[in-house]
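Some notes on the structure that comes next.
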There are 2 protein chains.
Amino acid sequence: MADGPTITTIAERAGVSIASVSRVLNGLPTRQETVRKVMAAADELGYVRNAVARSLKSRRTHQVAFAMADVGNPAYLAMLRQIQPVLKAAGYRLVLHSTDAVAADEIDVLHSLGERYVDGLIMSPLRVTEQHLQMLRAARAPVVIIGSVPEGTPVDNVRADSRTGVKLAVDHLHALGRRRIGMVNGPLDTVPGAARGAAYREALETLGLPYDENLVEIGDFYRAEGARAVAELLLREPGVDALMCANDLIALGALDVLRAAGRRVPEDVAVVGMDDTDLAAASWPSLTSVSLGSAERGKAAAELLLDRLQHGDREPRLVTVPPRLAVRASTTGEEPYPASRAAGRTRADKREGGRS
Amino acid sequence: MADGPTITTIAERAGVSIASVSRVLNGLPTRQETVRKVMAAADELGYVRNAVARSLKSRRTHQVAFAMADVGNPAYLAMLRQIQPVLKAAGYRLVLHSTDAVAADEIDVLHSLGERYVDGLIMSPLRVTEQHLQMLRAARAPVVIIGSVPEGTPVDNVRADSRTGVKLAVDHLHALGRRRIGMVNGPLDTVPGAARGAAYREALETLGLPYDENLVEIGDFYRAEGARAVAELLLREPGVDALMCANDLIALGALDVLRAAGRRVPEDVAVVGMDDTDLAAASWPSLTSVSLGSAERGKAAAELLLDRLQHGDREPRLVTVPPRLAVRASTTGEEPYPASRAAGRTRADKREGGRS
DNA sequence: ACACCTGCTGTAAACGTTTACGGTGTTTGG
DNA sequence: CCAAACACCGTAAACGTTTACAGCAGGTGT
């Protein structure tokens with residue numbers, strides 16, 4: 001692990017100045033003979049350019065950060081899967097931050113933008129405080145927010161439409177004849193929690209169904225929390241015939257509890273999840289889930305950031321990704337893998353998985 | 001996005017030299033009065049230290065890279081989930097690389113170590129060529145390899161024991177009375193593919209079962225490829241009563257095809273996967289799977305790297321993580337979520353999921 | 001009163017690049 | 001044959017830090 005060669009080493013060996021070495025390495029016009037000598041010296045020495053020194057001078061690091069609430073959540077991972085290749089193709093490295101949904105950590109990430117070790121940031125905050133907004137306005141590098149941010153905040157913004165998403169799900173349940181539709185939500189002080197709760201209420205209203213507090217249970221966005229919440233809901237309202245869950249993990253928890261309680265899914269209780277993660281398609285029974293386009297949102301965010309890195313001062317843009325309902329067995333009882341599909345290999349199939 | 005303040009700006013405003021500013025910011029002994037002035041100036045200016053300049057001088061970037069074959073694979077994500085917090089706690093940022101299992105990309109990552117934008121690297125290569133080894137010997141920063149690497153390679157190494165893992169699974173199937181145990185493997189020129197294939201053969205031998213080529217099908221480590229492979233295997237060997245799959249994705253593909261073909265799992269055909277990913281516990285029916293300790297391996301790798309970053313020249317270490325069989329419905333037919341567990345919230349439960 | 005130490009601070013060099021500028025040596029045109 | 005134009009190259013400054021070293025003021029011991 002001896003100290004590697006620098007352009008100075010090369011310059012000496014090739015008998016030219018460091019300026020010439022730099023020019024050759026950057027492909028600037030230079031005499032053939034010089035190019036040859038420099039290249040030869042660089043090859044012999046096994047030279048690799050020092051990215052740190054280069055960044056200091058050029059004020060570009062070719063790194064971009066992605067801050068997610070939790071590396072463990074499949075919805076964020078779906079974003080990551082799209083963001084990574086887009087950035088890689090453009091020559092950027094990806095720095096990962098996991099904020100564990102702690103506001104202080106998110107602020108910290110925003111603050112660390114000032115350290116200039118990245119050229120830009122994609123962030124998906126769970127809660128958006130006044131301090132967040134303040135730091136966003138003062139940010140020293142381009143930021144793209146995945147999630148909702150107030151009108152006028154000077155950042156690119158990619159949103160899901162969970163309002164329509166919840167409506168799709170509730171309408172679906174209603175169409176199946178369900179009338180006692182419960183909701184299992186995450187904390188109401190989170191952006192998604194608040195939006196999904198309000199959307200549920202609204203969807204019921206549109207259908208002319210009464211809003212019943214007893215049918216709503218608040219927990220957290222985890223599987224075990226979902227299970228706990230559903231257990232309580234069942235105790236309080238045994239008549240519930242459908243559950244709208246605020247994400248897939250909660251829904252999986254719901255399935256656990258319903259099975260343990262001897263309730264059949266979907267005959268007795270239909271269940272809908274949200275985010276349409278890998279887990280939904282793989283679960284038992286397979287889970288009907290509202291896709292909020294995690295993958296598309298990730299891709300859009302990466303593209304917005306790249307665009308902004310290239311054309312600096314552009315109007316901030318807002319991209320909204322439409323939701324889609326993935327209907328599976330937990331509401332209809334029908335298994336979604338017919339023989340024809342299972343045996344054939346499609347592009348979409350391939351994207352579902354990976355190597356090991 | 002105006003140019004931020006530097007220590008020079010602070011020095012001017014505080015009426016001291018840049019050296020003093022640096023000393024104060026780094027907590028080196030300084031007169032109280034000076035400390036006060038510098039801190040005040042830094043606060044007023046909203047100073048944030050430039051990480052790039054700092055790295056250039058100190059030759060430390062406080063970044064570590066993790067190169068995985070594919071961001072889409074849950075087994076690697078399980079590693080990522082462990083690596084991230086360990087590094088974060090030690091003050092390191094994580095740079096992600098996805099090599100798409102292309103050897104050239106892996107070499108590229110190794111090469112780019114010379115750019116010195118990271119202090120170390122954790123890598124999990126699918127194939128290990130002579131060129132890999134050569135670059136590992138010449139690496140300009142500490143490397144930890146997750147996967148097998150020849151004796152004597154000067155890097156820390158974390159291994160799974162897939163040999164024992166496969167044996168656990170085959171023994172389990174044998175104990176359940178299965179005698180026509182097939183194997184669906186990935187490419188034999190990959191490290192895991194080769195190891196798992198050999199282990200399968202060996203396990204059969206130990207049990208006194210004949211090795212039958214017709215019971216083995218090679219595909220790739222994807223769900224759709226697994227489905228295709230199993231479809232062919234079923235056609236050729238309708239009598240197969242168990243399938244040992246080289247990873248969970250293949251096993252999920254197997255479940256798809258078996259269901260479509262009207263074979264009951266596990267009554268007609270028992271299925272075992274490998275890696276014990278989230279998908280295994282969530283699948284339908286839930287999947288018995290050999291855990292190769294992805295999480296533990298990730299954690300061990302991160303810890304080895306940190307240790308190496310602190311005590312530079314240490315003997316290379318080898319950590320082997322033992323396998324474990326997670327028995328679920330795809331072999332025994334018994335559902336693994338009793339009511340008592342589903343309703344309670346444990347630390348382990350919480351780790352399974354995340355926020356959304 | 002002098003040498004000496006102590007505590008603090010400033011000057012300057014260094015990390016490895018990129019790049020503006022000016023200085024060569026050669027070519028071109030009159 | 002000389003001036004101007006040109007192609008190429010080297011010198012040096014800059015990016016924002018850290019840190020070795022020297023200098024300076026004030027206090028201590030003799």
Side-chain angles (χ1 to χ4, degrees), chain A residues 1-39 41-42 45-63 112-119 140-141, chain B residues 1-39 41-42 45-63 112-119 140-141:
Chain A
M1 253 171 259
D3 260 19
T6 70
I7 51 170
T8 309
T9 332
I10 298 186
E12 282 165 6
R13 176 180 273 243
V16 298
S17 75
I18 61 165
S20 288
V21 175
S22 177
R23 275 188 288 258
V24 170
L25 294 176
N26 288 306
L28 297 177
T30 318
R31 194 157 50 114
Q32 270 314 307
E33 170 65 7
T34 312
V35 172
R36 206 190 44 67
K37 281 192 296 188
V38 169
M39 285 310 205
L45 292 167
Y47 172 78
V48 182
R49 179 165 44 201
N50 184 314
V52 177
R54 171 170 240 225
S55 293
L56 176 59
K57 183 68 197 170
S58 67
R59 298 157 155 279
R60 284 245 160 181
T61 62
H62 294 278
Q63 294 195 143
S112 76
L113 265 191
E115 294 181 1
R116 308 212 142 277
Y117 66 94
V118 286
D119 296 340
R140 295 235 234 279
Chain B
M1 251 171 259
D3 258 21
T6 69
I7 51 170
T8 309
T9 331
I10 298 186
E12 282 165 8
R13 175 179 273 245
V16 300
S17 74
I18 60 166
S20 289
V21 176
S22 176
R23 275 187 289 259
V24 170
L25 295 176
N26 289 304
L28 296 177
T30 317
R31 194 158 51 113
Q32 269 314 307
E33 170 64 5
T34 313
V35 172
R36 205 191 43 67
K37 282 192 295 185
V38 169
M39 286 308 205
L45 293 167
Y47 172 77
V48 182
R49 179 165 43 202
N50 184 314
V52 177
R54 171 170 239 223
S55 294
L56 177 59
K57 182 68 195 169
S58 67
R59 297 157 157 279
R60 283 244 161 182
T61 61
H62 294 279
Q63 294 195 143
S112 76
L113 265 190
E115 294 182 3
R116 308 212 141 275
Y117 65 95
V118 286
D119 296 340
R140 297 239 233 282

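Letters A, B, ... mirror the listed sequences (proteins, then strands); counts begin at 1. These numbers were taken from a predicted model, which means no experiment stands behind them.
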Specify the separation, in whole Å, of atom [atom1] of [X] and atom [atom2] of [N].
{"X": "B/K57", "N": "D/dT17", "atom1": "NZ", "atom2": "P", "result": "14 Å"}
{"X": "A/N50", "N": "C/dC15", "atom1": "CG", "atom2": "P", "result": "12 Å"}
{"X": "B/L56", "N": "D/dG16", "atom1": "CG", "atom2": "P", "result": "12 Å"}
{"X": "B/L25", "N": "D/dT19", "atom1": "CG", "atom2": "P", "result": "13 Å"}
{"X": "B/L28", "N": "C/dG7", "atom1": "CG", "atom2": "C1'", "result": "14 Å"}
{"X": "A/N26", "N": "D/dC9", "atom1": "CG", "atom2": "P", "result": "15 Å"}
{"X": "A/L45", "N": "C/dG16", "atom1": "CG", "atom2": "P", "result": "14 Å"}
{"X": "A/I7", "N": "D/dT11", "atom1": "CD1", "atom2": "P", "result": "13 Å"}

Give a yes/no on whether any side-chain N or O of [X] is located under 4.0 angstrom from OP1 or OP2 of [N].
{"X": "B/R31", "N": "C/dT9", "result": "yes"}
{"X": "A/R54", "N": "C/dG16", "result": "no"}
{"X": "A/S17", "N": "D/dG10", "result": "yes"}
{"X": "B/Y117", "N": "C/dG16", "result": "no"}

Under 4.0 Å, counting only non-hydrogen atoms across every strand here, what does [X] touch: a base, just sugar-phosphate, or nothing?
{"X": "A/T8", "result": "nothing"}
{"X": "B/S20", "result": "sugar-phosphate"}
{"X": "A/S55", "result": "nothing"}
{"X": "B/V16", "result": "sugar-phosphate"}

| message | Tell me if a side-chain donor or acceptor on A/R116 pairs with a main-chain N or O of A/R140 at a distance below 3.5 Å. | response | yes
| Backbone N or O of A/A19 within a donor-acceptor pair of the A/S22 side chain at under 3.5 Å? | no
| said: Side chains of A/T61 and B/Y117 only: does a donor on one sit below 3.5 Å from an acceptor on the other? | reply: no
| Nucleotide nearest A/T34 when distance is taken to its side chain, options C/dC8, D/dC8, D/dT18 | D/dC8
| message | Can you tell me which nucleotide in D/dT11, C/dT9, C/dT18 comes closest to the side chain of A/S22? | response | C/dT18
| task | Using the side chain to side chain contact (heavy atoms under 4.5 Å, CB included) rule, take A/R49 and A/N26 through it: C-alpha gap first, then chi angles, then the decisive distance, then the call. | result | CA-CA 11 Å; A/R49 179 165 44 201; A/N26 288 306; 3.2 Å; yes
| Candidate list A/R36, A/R31, A/K37, test side-chain hydrogen bond (donor to acceptor under 3.5 Å, both in side chains), partner A/E33, passing option | A/R36
| With distance as the sole criterion, do the side chain of A/R23 and the base of D/dG10 form a donor-acceptor contact below 3.5 Å? | yes
| request: Look at the side chain of A/R59 against the base of D/dG16 and say whether a donor-acceptor pair falls under 3.5 Å; ignore hydrogens and angles. | output: no
